[in-house]
2 protein chains.
Amino acid sequence: MTPELSPPRSPVRPGELDRTSPVPLYFQVATRLQELIENGEIGVGARIENEVDLAERLGVSRPTTRRAIQYLVERGMLVRKRGVGTQVVHPKVRRPVELTSLYDDLVAADRKPRTEVLALRVVPAPDTVADALELPRGTEVTWIERLRYAGGEPLALMHNAIPVDLIRLAVHDLADHGLYELLRRAGHVPRNATQVIGARPANAGEARVLQEKRGSSLLTMTRTAWDAGGRPLEYGSHVYRASRYSFEISVSAG
Amino acid sequence: MTPELSPPRSPVRPGELDRTSPVPLYFQVATRLQELIENGEIGVGARIENEVDLAERLGVSRPTTRRAIQYLVERGMLVRKRGVGTQVVHPKVRRPVELTSLYDDLVAADRKPRTEVLALRVVPAPDTVADALELPRGTEVTWIERLRYAGGEPLALMHNAIPVDLIRLAVHDLADHGLYELLRRAGHVPRNATQVIGARPANAGEARVLQEKRGSSLLTMTRTAWDAGGRPLEYGSHVYRASRYSFEISVSAG
DNA sequence: TTCGTCAGTTTGTCATGACAAAGTATTGAC
DNA sequence: GTCAATACTTTGTCATGACAAACTGACGAA
């Protein structure tokens, strides 16, 4: 029943820990373990060394080792069973570590994104937008309209609203970078978001800028994003060409 | 800048802890804190008592208190800042605790779901399905086709494949319960999933059963779900009427 | 006023030690 | 041979103690 009972490997060598570093010990251990797993040096299903031995061999305490392992358990790379041990789980279930934006995704997929900024101005927020951003109705927000290209073809028409006091945006910044990258650089790290994804036929204006036929299917997405403290960062209302794009989403419970 | 600096409340009273219970102390503390937060007895933005005092007052060690708080931090209810304290965050950003299925969602929204089972048989898995479920190509799987109604109207056409050795399914079970509920009841708890969401026009057959016009927009979703150990539980390929349904998704990083 | 310094508060990291609970493997009785 | 009891392994829980790092606010010097 038990998978390959390969002899527990030696995951991390003691010399690799740096006690003078500002990086916490548990994090150094976790990072090294993660590398070994991602490089396949500890195969899927294999058991890692038990906590007690690992701690002793590395010269750290058991709680420190435990915390390192726990860190990887929480992001779904390892599973622990009392009385059995700790095993590496299949890579597919691992949780994404950051909230990504379309631009980041396209860059990562080498699809050569380009952004055309259609509008950038400060306007009073419509009620739905103000409610989403938890601002008093009528508060002014930075309003952005962008056309996103990938591989030379139009892909999405994007509308965003951002609280004015959060960040000063310039057209050339938006042309060269994703919105989330700019927010992060300004110290506002998106951490939670709710998205509503739907579909509808394209109207005439959308069909024109997206080079689709009128009536063809579009994916729609409205999103509100918050930082770790629950502060609303961004409201977005976007349409994507369904013929060229789909959402890939990882969900994990617990 | 700081929100209401209400005096730190007394969140948990010492008498509420039961050291003879098999429920871990840290979990008892966490549960009680969670109740207080959800009941609004500790308001959004309010600071909770600091770790050291709380531990002393409850008669538990600081690590135990810390672990309780950490538990709530990880599910997004609390935020900690070194040198500042621990605050309650806005309810909107809290992470869902379970992977829900369409049926559960409809029940919760009181939209009176009904399910018509169109097919339930064992067939050799197509290659894409076998790959998704990590089975050898050609392995037999349980294949389900269902038509899901809500409020008397057709809503979605659903196709699922499930490893045969996982669960024995009966038509009447599927008619009365969601697939995830049945899986959970059989001891297979879905924990992670990847979904790909897209859109396309309806073909003739889909339009007929869903009572839509041919060519109207449909939402498509393919999903693979795994349990905590990384074992594939289910592959699904579904289409939804875009005019009646949209996906609401919470994403959280870290 | 403005800036830096310093003390105080609070969370973050780490070590050591102990016992409990769950699962596995072995042993022994029948 | 089968089954139950036992020993062993491994993770889970909890306590105590210590110091570090980040933030706040008050104070004082320029």
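This is a predicted model, so every value here is computed, not measured. All chains are named by letter (A, B, ...) in the order of the sequence lines, taking the proteins before the strands, and each is independently numbered beginning at 1.
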Mind calculating the distance between CZ (B/Arg47) and P (C/dT10) to the nearest angstrom? 7 Å
OP1 or OP2 of D/dA15 under 4.0 Å from side-chain N/O of B/Arg19: yes
Distance check needed: D/dT24 P versus B/Gln87 CD, whole Å only. 11 Å
What is the nucleic acid contact for B/Val52, judged by heavy atoms within less than 4.0 Å: base, sugar-phosphate only, or nothing? base
Phosphate oxygens OP1/OP2 of D/dT10: is one of them under 4.0 Å from a side-chain N or O of A/Thr86? no
Phosphate oxygens OP1/OP2 of C/dT13: is one of them under 4.0 Å from a side-chain N or O of A/Tyr26? yes
Of the candidate nucleotides D/dA15, C/dG12, C/dT16, which contains the atom at the shortest distance from the side chain of B/Val60? D/dA15
For the residue pair A/Thr222 and A/Ser237, what are the closest heavy atoms and their distance? CG2-OG, 3.9 Å
Rounded to whole Å, please give me the gap between CD in B/Glu51 and P in D/dT16. 16 Å
From the list B/Leu72, B/Leu78, B/Val79, side chain to side chain contact (heavy atoms under 4.5 Å, CB included) with B/Val88 holds only for B/Leu78
Under 3.5 Å donor-acceptor pair, A/Arg67 side-chain atoms to C/dG12 base atoms: no
For atom CD of B/Gln70 and atom C1' of C/dT13, their distance in whole Å: 12 Å
For B/Pro63, report the nucleic acid contact type (base, sugar-phosphate, nothing); a contact means any heavy atom under 4.0 Å. base
Rounding to a whole Å, what distance do you find between A/Lys81:NZ and C/dG23:P? 9 Å
Does OP1 or OP2 of D/dA15 have a side-chain N or O of B/Thr64 closer than 4.0 Å? yes
With a sphere of 6.0 Å drawn around CD of A/Glu35, does it hold more than 12 non-hydrogen atoms of other residues, nucleotides or ligands? yes
Closest to the side chain of A/Ser61, out of D/dA22, C/dT13, C/dT16, is C/dT16
Atom pair distance, as rounded to whole Å: CZ in B/Arg62 and P in D/dC14: 17 Å
What are the two closest non-hydrogen atoms of B/Ala186 and B/Ile167, and how far apart are they? CB-CD1, 3.8 Å
When the distance from CD of A/Glu56 to P of D/dT9 is rounded to whole Å, what number comes out? 14 Å
Whole angstrom value for the distance that separates P of D/dA15 from CG of B/Leu54: 12 Å
Please check the phosphate of C/dT11 (OP1 and OP2 only) for any side-chain N or O of B/Arg66 closer than 4.0 Å. no
Nearest heavy-atom neighbours spanning B/Gly138 and B/Pro124: O-CB, 3.7 Å
Does a side-chain N or O from A/Arg80 land closer than 4.0 Å to OP1 or OP2 of D/dG12, or not? yes
Checking D/dT16, C/dT24, D/dC23 against the side chain of B/Val84 (C-beta onward), the nearest is D/dC23
